[in-house]
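These notes are about the structure you will find just below.
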Amino acid sequence: MKTHSLDTASVRILEELQRNSELSTAELAERVGLSQTPCWRRQKELEENGYIKRYAAIVDRRKVGLMVCCHAHVTLNRHAAGVVEEFEKAIQLRDEVVECYETTGNSDYLIKVVVPDMEAYQAFLHNVLFKLEGVGNINTAVALREVKYSTALPL
């Protein structure tokens, strides 16, 4: 398989698996218009070539008590050797940080944090972010409601 050029059947497999990764090979094959063996081979090829990174269950955060979703723009005041690496390592270790992006613009990072309540977010700020060397500014936007949430990529 080439890196960016997938044929129609492979794209259809990815689309269907993004909708429901629990499909059996028979169900997937029927939906994409292939017989089972070629469909299974293509799916395995997509996995082996890194198009499919992993399979996961999408959990409703509110049903498990994670009622607050915050997007924090973090600016480092120093970009010295080790500071960036220490920040990124610390962020990767925190379960409440579900996404982190290095960004351009007014901040260096955008992190998405999910916590039970605002007290938990305040504790995360004071006990984690404020203590990291090099963190200069944090600007937080609290999500009032979720308008759209999707993990499916537009193929």
Side-chain angles (χ1 to χ4, degrees), residues 1-6 8 10-24 27-28 31-32 42-155:
M1 270 187 197
K2 295 180 182 172
T3 307
H4 294 290
S5 59
L6 295 174
T8 304
S10 293
V11 170
R12 296 272 332 258
I13 289 170
L14 291 174
E15 288 172 339
E16 291 298 331
L17 289 174
Q18 284 188 113
R19 283 188 199 99
N20 182 358
S21 66
E22 291 186 312
L23 291 173
S24 69
E27 292 169 320
L28 182 60
R31 289 184 186 197
V32 301
R42 282 175 182 262
Q43 182 177 352
K44 291 302 167 199
E45 211 171 79
L46 289 165
E47 292 169 2
E48 291 165 6
N49 289 310
Y51 287 94
I52 299 172
K53 293 172 79 172
R54 67 182 184 273
Y55 296 93
I58 308 299
V59 176
D60 184 329
R61 69 176 172 82
R62 292 180 172 276
K63 291 201 185 243
V64 294
L66 299 170
M67 306 307 284
V68 175
C69 176
C70 298
H71 294 88
H73 293 268
V74 180
T75 305
L76 302 180
N77 60 15
R78 295 181 346 164
H79 295 89
V83 172
V84 169
E85 291 81 7
E86 180 185 327
F87 174 81
E88 290 180 5
K89 181 179 177 184
I91 290 301
Q92 289 177 12
L93 294 174
R94 301 303 306 193
D95 290 338
E96 61 268 80
V97 177
V98 295
E99 295 179 47
C100 177
Y101 302 93
E102 185 176 20
T103 61
T104 61
N106 295 331
S107 62
D108 297 310
Y109 293 92
L110 171 63
I111 61 174
K112 180 178 177 182
V113 181
V114 293
V115 288
D117 51 40
M118 287 306 294
E119 290 80 16
Y121 184 68
Q122 180 182 13
F124 170 74
L125 286 176
H126 288 278
N127 298 329
V128 179
L129 282 187
F130 291 160
K131 290 185 176 182
L132 291 175
E133 183 182 353
V135 171
N137 186 40
I138 302 164
N139 185 351
T140 301
V142 178
L144 297 177
R145 69 183 175 95
E146 193 171 275
V147 176
K148 179 182 179 180
Y149 175 75
S150 177
T151 60
L153 298 174
L155 303 176

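Since the structure is predicted, the reported quantities are computational estimates derived from the model, not experimental observations.
- Partners of R61 according to the salt bridge (charged side-chain N to carboxylate O under 4.0 Å, His left out) rule, which considers only residues two or more places apart in sequence or in another chain, do not exist here.
- Closest non-hydrogen pair, T140 versus A72, comes out as OG1-CB, 3.9 Å.
- Counted within 6.0 Å of CD on E85, heavy atoms from surrounding residues, nucleotides or ligands total more than 12; the atom is thus considered enclosed.
- Separation of atoms CD (Q43) and CD (E48) is listed at 11.0 Å; rounding is to 0.5 Å.
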Residues H79, V84; criterion side chain to side chain contact (heavy atoms under 4.5 Å, CB included); working and verdict: CA-CA 6 Å; H79 295 89; V84 169; 4.2 Å; yes

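- Side-chain contact between R78 and E133 is present, with heavy atoms from C-beta onward closer than 4.5 Å.
- The two atoms that bring E88 and Y109 nearest to each other are OE2-OH, 2.6 Å, heavy atoms only.
- Of all non-hydrogen atoms in V32 and I13, the two that sit nearest each other are CG1-N, 3.7 Å.
- Without hydrogens or angle criteria, E86 side chain to V83 main chain gives no donor-acceptor distance under 3.5 Å.
- For S107 against T75, the heavy-atom pair with the smallest separation is CA-OG1, 3.4 Å.
- Minimum heavy-atom separation, L76 to D108: N-OD2, 2.7 Å.
- Residue-environment remark: CG (L93) exceeds the threshold of 12 foreign heavy atoms within 6.0 Å.
- Separation of atoms CZ (R54) and CD1 (I52) is listed at 12.5 Å; rounding is to 0.5 Å.
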Worked verdict on V114 versus C69 for side chain to side chain contact (heavy atoms under 4.5 Å, CB included): CA-CA 5 Å; V114 293; C69 176; 4.2 Å; yes

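- The side-chain heavy atoms of L110 and H71, taken from C-beta on, include a pair separated by under 4.5 Å.
- With sequence neighbours excluded, no residue satisfies salt bridge (charged side-chain N to carboxylate O under 4.0 Å, His left out) with R145.
- Residues H73 and N106 fail the side-chain proximity criterion, which asks for heavy atoms closer than 4.5 Å.
- No side-chain heavy atom of I111 sits under 4.5 Å from any side-chain heavy atom of R94.
- How far CD1 of I91 is from CD of E102: 13.0 Å, rounded to the nearest 0.5 Å.
- Of the charged side-chain nitrogens involved, at least one lies within less than 4.0 Å of a carboxylate oxygen, so that E16 and R12 count as a salt-bridged pair.
- Atoms CG and CZ, from L28 and R42 in turn, are 11.0 Å apart once rounded to the nearest 0.5 Å.
- Counting heavy atoms from C-beta on, the side chains of L66 and P116 come closer than 4.5 Å.
- Taken to the nearest 0.5 Å, the CG atom of L125 stands 5.5 Å off from the CD1 atom of I138.
- Looking at heavy atoms from C-beta onward, M118 lies in side-chain contact with V142 at the 4.5 angstrom threshold.
- Here E47 pairs with K44 under the salt bridge (charged side-chain N to carboxylate O under 4.0 Å, His left out) rule; sequence neighbours left out.
- Annotation for A56 and S21: closest pair O-OG, 4.2 Å, computed over non-hydrogen atoms.
- In summary, the side chains of Y51 and S10 do not present any donor paired with an acceptor at a separation below 3.5 Å, with no hydrogens or angles considered.
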